[in-house]
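The structure appears below as structure tokens.
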Amino acid sequence: MKLILLGAPGAGKGTQATRLAEHYQIPHISTGDIFRANLKAQTELGMKAKTYMDAGLLVPDELTVDLVMDRISQEDCANGYILDGFPRTLAQAAALDAKVQIDAAVDVEVPDENIVSRMAGRRVCPACGEPYHTEWKVPKKEGICDRCGAELIIRKDDEPETVLKRLVVYHDQTQPLIDHYGSMDRLVTVDGTLSVEEVTEAIVSALEARA
Ligand code: AMP
């Protein structure tokens with residue numbers, strides 16, 4: 001199963017990708033997580049990506065495409081994978097389409113007005129990347145990661161001004177991918193305002209109906 005998760009920042013792609021990766025037993029590949037890991041390790045890629053990420057902009061395609069192409073050619077991707085946050089531009093989609101045929105692109109739909117309030121509650125573990133939310137995914141111990149015990153943080157790009165910028169970038173550069181995958185008959189649309197469990201169920205049943 002080769003899946004793409006589309007949707008605005010804060011639509012719940014990361015949460016759904018984690019759940020779907022478990023369900024289908026395939027790797028969850030998040031370009032945002034890869035950039036953040038590089039930033040933490042202070043690699044050249046991480047330093048370059050930081051400028052764009054902090055500003056709410058997309059990292060240039062030339063820094064992004066090869067990274068993903070390399071990752072999906074690794075052995076653990078032989079039975080499929082879930083791409084979370086890639087592709088985000090038509091050029092990235094063209095590069096992916098030229099290499100593999102994906103099974104479905106899942107659009108997790110959430111209206112803009114819900115996004116900003118959702119983002120305000122987002123927290124993340126800086127050590128293992130596990131996402132949390134002050135309302136919907138509360139850690140057992142406040143402010144502490146259930147998985148690895150590190151102290152949770154608010155990502156710099158989840159701050160309100162950056163969120164608004166990211167939404168503009170999303171509509172401008174990523175939303176056209178919905179029509180792109182629609183025209184290839186690969187699009188699955190789900191209502192991202194439902195509960196986490198309901199969204200996962202909706203995705204899995206839509207994918208089963210297509211199989
Ligand atoms: P995310 O965690 O998916 O919201 O990604 C965080 C940030 O990483 C984005 O706001 C972009 O700056 C960058 N990023 C992640 N994936 C991509 C991509 N496919 N293309 C360009 N930039 C990306």
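Start at 1 and go down the list; that is how both ligands and their atoms are numbered. This chain uses plain numbering: 1 for the first residue, then up along the sequence.
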Residues Arg122, Asp158: salt bridge by 4.0 Å N-O rule: yes
message: Please list the nearest protein heavy atom to atom 20 (N) of ligand 1 with its residue and the distance rounded to 0.1 Å.
response: Gln92 NE2, 2.9 Å
task: Considering only non-hydrogen protein atoms, determine which one is nearest to atom 23 (C) of ligand 1 and report residue, atom name and distance to 0.1 Å.
output: Phe35 CE1, 3.8 Å
- request: Provide, to 0.1 Å, the distance between atom 15 (C) of ligand 1 and the closest protein heavy atom, together with that atom's residue and name.
  value: Arg88 NH1, 3.2 Å
task: With sequence neighbours left out, write down each residue that passes salt bridge (Lys or Arg N to Asp or Glu O under 4.0 Å) with Asp157, or none if nothing qualifies.
output: Arg155, Arg166
statement: among protein heavy atoms, the one nearest atom 12 (O) of ligand 1 is Leu57 O, 2.6 Å
field: Arg155 and ligand 1 - part of the residue with a heavy-atom distance under 4.0 Å
entry: side chain
message: Can you check which of Gly32, Ala17, Ala8, Gly7 brings a heavy atom nearest to atom 5 (O) of ligand 1?
response: Gly32
query: Is the closest heavy atom of Lys13 to ligand 1 under 4.0 Å?
result: no
- request: Give the residue, atom name and distance (to 0.1 Å) of the protein heavy atom nearest atom 19 (N) of ligand 1.
  value: Gly85 O, 2.8 Å
- prompt: Identify the closest protein heavy atom to atom 16 (N) of ligand 1: which residue and atom is it, and at what distance?
  reply: Thr31 OG1, 2.7 Å
message: So for ligand 1, is Arg166 a polar contact partner (N or O within less than 3.5 Å, distance only)?
response: yes
task: Using distance alone, with no hydrogens and no angle criterion, decide if Asp97 and His180 have a side-chain donor and acceptor under 3.5 Å apart.
output: yes
message: What I want to find out is whether Lys48 reaches Glu44 closely enough, with some N-O distance under 4.0 Å, to be called a salt bridge.
response: yes
task: Could you tell me whether Val59 approaches ligand 1 through its side chain, its backbone, both or neither, with non-hydrogen atoms closer than 4.0 Å?
output: both
- prompt: Of the listed options (Lys165, Met53, Lys50, Arg36), which comes nearest to atom 8 (O) of ligand 1 when hydrogens are ignored and any heavy atom counts?
  reply: Met53
message: Just by distance, no angles: are the side chains of Ser195 and Glu198 close enough, under 3.5 Å, to form a donor-acceptor pair?
response: yes
